[in-house]
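First up is the structure itself, then whatever we jot down about it.
Index from 1, following the sequence. All values reported here derive from a predicted model rather than from experimental measurement.
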Amino acid sequence: MKSFAIIGLGLFGSQLAMDLFNEGHNVLVIDNDENIIEKIADRVSKAVTVDAKNREALSQLGIQKYDCVIVCTSNDLASSVIITMNLKALKVQKIICKVRDETDKEVLETLGASMCIVPEHVAAMKLSKKLTADNVVDFTQLSEGHSIMEIEVPPSWTGKTILELNVRSQYGLNIIAIRRNESLCVELTPSFTLEEGDILILIGSNKNLSKLQKLK
């Protein structure tokens, strides 16, 4: 179980908090709107009405003890800047900021944010992959040039082993897991044989992943 603190409870922050809590994690949510806090209080581990721009208030909550803090105040860059600076001063290990655009991303990463995300860009990329490649199940961008992709096993790969396919050498990709029915196989041996209906979870460059989508 990991611990997360989410600051700012708009639609994105609230949904993220509830999803993480439902997955069994310890989730603290912070917002300066008491009505919002009351609505979500019984759906997370702890909900507090606090102005996150107040460094002392964050310290008293023990924010520095959380594995990751997600700042979801993207509509107010000034607030995001102050909150990020407070978190850095309190030595929070990992800070993720929701941002509006690349300009805000550059500002907050300069201040020390571990990662900045533009949810609309992520959602658009996932939808684009699903619309243009029928065999893509899911797609998660890790950086500018690398991603994790879940893809249905190509028919030409059915019945072949991991060793025979040699995906790392042939395609420059790594298979990190295979989803079969309701099971997730992560300990993959060279003799593991692919079956029809398997979902491959691969990591690699976007360029190499795109090539894989064209396989039949």
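Between the CG atom of L194 and the CD atom of E164 there is a distance of 9.5 Å, given to the nearest 0.5 Å. Taken from CD in Q93 to SG in C68, the straight-line distance is 10.0 Å, to the nearest 0.5 Å. For the atom pair CD1 of I151 and CZ of R179, the computed distance is 14.0 Å after rounding to the nearest 0.5 Å. Distance check, rounded to the nearest 0.5 Å: CD of E109 to SG of C116 gives 4.5 Å. Interatomic distance, NZ of K39 versus CG of D33, reported as 8.0 Å (0.5 Å rounding). Note that CG of D31 and CD1 of I7 are 10.0 Å apart. Values are rounded to the nearest 0.5 Å.
Pairing each heavy atom of G8 with each of C72, the nearest pair is O-CB, 3.4 Å. When all heavy atoms of S3 and Y66 are compared, the closest pair comes out as OG-CA, 3.4 Å. In terms of heavy-atom proximity, G112 sits nearest to I95 at O-CD1, 4.5 Å. Scanning all heavy atoms of the two residues, the minimum distance from K53 to S79 falls at CD-OG, 3.8 Å. Closest of all the heavy-atom pairs between H25 and F4 is CG-CE1, 3.8 Å. Taking all atoms of both residues into account, the shortest heavy-atom contact from L200 to P154 is CD1-CD, 4.3 Å.
For the 3.5 Å distance criterion, the side chains of S205 and N208 qualify, holding a donor opposite an acceptor. Side-chain N/O atoms of T193 and T161 include no donor and acceptor closer than 3.5 Å.
With a 6.0 Å radius and a threshold of 12 heavy atoms from other residues, nucleotides or ligands, E106 has its CD atom at or below the threshold. When the shell of 6.0 Å around CE of M85 is examined, it contains 12 or fewer heavy atoms from other residues, nucleotides or ligands. Within a 6.0 Å sphere centred on CZ of R168, heavy atoms belonging to other residues, nucleotides or ligands number 12 at most. Counting non-hydrogen atoms of neighbouring residues, nucleotides and ligands closer than 6.0 angstrom, the CG atom of N181 reaches no more than 12 such neighbours.
Contact of the L87 side chain with the L58 side chain is registered, since non-hydrogen atoms from C-beta on lie closer than 4.5 Å. Side-chain atoms of L209 and S147, non-hydrogen and from C-beta on, do get closer than 4.5 Å to each other. By the 4.5 Å heavy-atom criterion applied to side chains, V27 and L16 are not counted as neighbours. Considering only heavy atoms from C-beta on, V186 stays 4.5 Å or farther from I176 through its side chain. With contacts defined as side-chain heavy-atom distances shorter than 4.5 Å, the pair V153/T158 qualifies. In this structure, D104 and D101 have side chains that are in contact, with non-hydrogen atoms separated by less than 4.5 Å. With contacts defined as side-chain heavy-atom distances shorter than 4.5 Å, the pair I6/I30 does not qualify. Between T84 and C97, the closest side-chain pair of non-hydrogen atoms falls below 4.5 Å.
If you chain together hydrophobic residues whose side chains sit under 4.5 Å apart, V50 and I82 never meet in one group. Under the 4.5 Å side-chain heavy-atom criterion for ILVMFWY residues, no single connected hydrophobic cluster contains both V48 and V44. Residues L28 and F12 fall into different hydrophobic clusters, defined by Ile, Leu, Val, Met, Phe, Trp and Tyr side chains chained together at heavy-atom separations under 4.5 Å. I83 and V118 are members of different hydrophobic clusters when ILVMFWY side chains are connected at heavy-atom separations under 4.5 Å. The hydrophobic cluster containing L165 also contains M149, counting ILVMFWY residues as joined when their side-chain heavy atoms lie under 4.5 angstrom apart, directly or transitively.
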- Message: Please evaluate residues I162 and I175 with respect to the criterion side chain to side chain contact (heavy atoms under 4.5 Å, CB included), reporting the C-alpha separation (whole Å), side-chain torsions for both, the decisive distance (0.1 Å), and the verdict.
- Response: CA-CA 9 Å; I162 299 291; I175 301 176; 3.9 Å; yes
- Item | Full working for side chain to side chain contact (heavy atoms under 4.5 Å, CB included) between V69 and I96 | CA-CA 6 Å; V69 179; I96 298 176; over 6 Å; no
- Given I178 and L188, is the side chain to side chain contact (heavy atoms under 4.5 Å, CB included) satisfied, shown in steps? CA-CA 8 Å; I178 293 176; L188 302 174; 4.0 Å; yes
- Please report the C-alpha distance between I203 and L173 in whole Å, then the side-chain angles of each, then the deciding distance to 0.1 Å, and finally whether the side chain to side chain contact (heavy atoms under 4.5 Å, CB included) criterion is met. CA-CA 6 Å; I203 186 171; L173 301 169; over 6 Å; no
- Report the C-alpha separation of D67 and K2 in whole Å, then their side-chain angles, then the decisive distance to 0.1 Å, and conclude whether the salt bridge (charged side-chain N to carboxylate O under 4.0 Å, His left out) test is met. CA-CA 6 Å; D67 295 320; K2 292 187 176 181; over 6 Å; no
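For D198 (side chain) and E195 (main-chain N/O), a donor-acceptor pair under 3.5 Å exists by modelled atom type. Under a 3.5 Å cut-off, the side chain of D51 and the backbone N or O of N32 do not form any donor-acceptor pair. A donor-acceptor distance shorter than 3.5 angstrom exists from the side chain of S14 to the backbone of L9, with no hydrogens or angles considered.
The aromatic rings of Y171 and W157 lie tilted to each other, with the angle between the two planes from 30° to 60°.
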